[in-house]
Amino acid sequence: MKVIALAGGVGGAKLAHGLSMVLPPDDLSIIVNTGDDFDFLGLYISPDLDTVCYTLADLANPTTGWGQVDESWITFNEISALKGPDWFRLGDKDLATHLIRTAQLIQGQKLSEITKKFCEIWGIKHTIFPMSDDPVRTMVHTKNGNILGFQEYFVHQECKPIVEHFEFRGIEAARPLPQVLDAINNCDIVIIAPSNPWVSIDPILEIPNYRDAISRKPVIAVSPLIGGKAIKGPAAKMYQELGIKPCSSAVANHYKDFLTGFIIDNLDHIELEKIERWRIIALVTDILMKKNQDRLRLAQEVLKFSETILNRSR
Ligand code: GDP
């Protein structure tokens with residue numbers, strides 16, 4: 001079964017990791033959000049791409065959910081001592097990634113080419129694509145009239161501002177990657193990882209042509225909300241501030257136009273009926289991934305559910 005996974009950072013990386021433990025390299029491609037990318041101290045930083053790559057390479061820091069394991073902070077501490085901006089923490093190993101990627105981008109290499117080379121070096125066998133080689137910047141429009149870059153909102157202001165809407169700056173001009181379109185066209189199923197629908201998955205879907213290509217395939221999604229709460233990050237807070245009750249069915253509703261199947265947590269079994277009324281096939285299981293074993297188990301369940309869905313449509 002050929003699978004495409006759409007992913008943001010934390011939740012996306014966990015399920016992508018589980019899928020990579022089950023599927024052979026040729027059967028899994030992961031398309032990662034780059035709307036969170038930004039420039040910091042002159043460096044090009046791609047937080048979701050790095051989280052997915054570090055996770056699949058077994059380099060990720062399990063405690064923070066970002067950055068590398070066994071980091072040192074020598075450069076960061078000096079930056080801080082020099083009164084440089086220190087609201088975005090960069091470990092020494094992580095810095096090497098940003099330095100080399102930035103240098104290669106300046107030389108004219110594409111983000112997708114650089115990602116491919118880094119993946120080879122890190123021993124990642126499955127394919128990881130940035131959603132585009134062109135810049136897209138997620139901007140958060142807040143209730144008090146400010147427009148914040150995503151990392152300014154997420155890290156510097158700790159998600160405190162109340163969101164009004166999101167803008168994916170540059171999205172109309174962002175070209176889809178031909179390799180991604182080919183991978184979507186040749187896949188059996190698209191899996192939307194339990195990532196933030198507003199700021200991790202929507203930017204991918206809004207790259208020209210992706211939504212259409214994805215809509216022609218069976219699509220299943222895993223809820224990033226359990227019991228009305230996000231495991232990490234502002235997804236539930238965003239739903240609330242946008243005037244929508246945060247719950248699994250709200251996520252299903254978000255993707256309703258093209259969703260074939262949806263996976264929710266046991267805690268949310270009460271929402272099953274509502275979701276099925278939209279003609280979405282639902283599966284209720286344990287969708288919390290605390291350990292590597294949970295990632296593997298959930299990935300196996302997602303793939304079994306995918307097979308059931310594919311068999312039904314045959
Ligand atoms: P970000 O770009 O780093 O915020 O990463 P994502 O958008 O991929 O991940 C954030 C989302 O992942 C949040 O809405 C979390 O609720 C969700 N998430 C994190 N861990 C888990 C988990 O173990 N299970 C599920 N179902 N969702 C999770």
Which pairs with one or both residues in residues 272-282 pass side chain to side chain donor-acceptor pair (under 3.5 Å), sequence neighbours excluded?
-> none
What pairs of residues pass the side chain to side chain donor-acceptor pair (under 3.5 Å) test when at least one of them lies in residues 184-196, not counting sequence neighbours?
-> none
Which residues satisfy the side-chain hydrogen bond (donor to acceptor under 3.5 Å, both in side chains) test with H126, sequence neighbours excluded?
-> none
In chain order, what residues pass the ring-ring contact (aromatic ring centres under 6.0 Å, His included) check against F118, with sequence neighbours excluded?
-> W122
Partner set under salt bridge (Lys or Arg N to Asp or Glu O under 4.0 Å) for K304, not counting sequence neighbours | none
Can you list, pair by pair, the side-chain donor-acceptor contacts under 3.5 Å of residues 75-82, counting residues two or more places apart and other chains?
unit_1: T75; atom_1: OG1; unit_2: D92; atom_2: OD1; d: 2.7
unit_1: N77; atom_1: ND2; unit_2: W73; atom_2: O; d: 3.2
unit_1: S80; atom_1: OG; unit_2: D86; atom_2: OD2; d: 2.4

Residue pairs meeting salt bridge (charged side-chain N to carboxylate O under 4.0 Å, His left out), one or both in residues 203-230, sequence neighbours left out, come to none
If you look only at pairs with a residue in residues 125-150, which of them pass as a salt bridge (charged side-chain N to carboxylate O under 4.0 Å, His left out), with sequence neighbours excluded?
-> D134-R175
What residue pairs, at least two apart or across chains, pass ring pair (Phe, Tyr, Trp, His ring centres under 6.0 Å) with a residue in residues 21-40?
-> F38-F40, F38-F88, F40-W87, F40-F88
Return each pair, listed once, that meets ring pair (Phe, Tyr, Trp, His ring centres under 6.0 Å) where at least one residue sits in residues 243-277; pairs must be two or more places apart or across chains.
-> W198-H254
Among all residues two or more places apart in sequence or in another chain, which pass the side-chain contact (heavy atoms from CB on, under 4.5 Å) test with D268?
-> S248, I264, D265, E271
Counterpart residues, side-chain contact (heavy atoms from CB on, under 4.5 Å), relative to N146 (two or more places apart) | T142, N144, L148
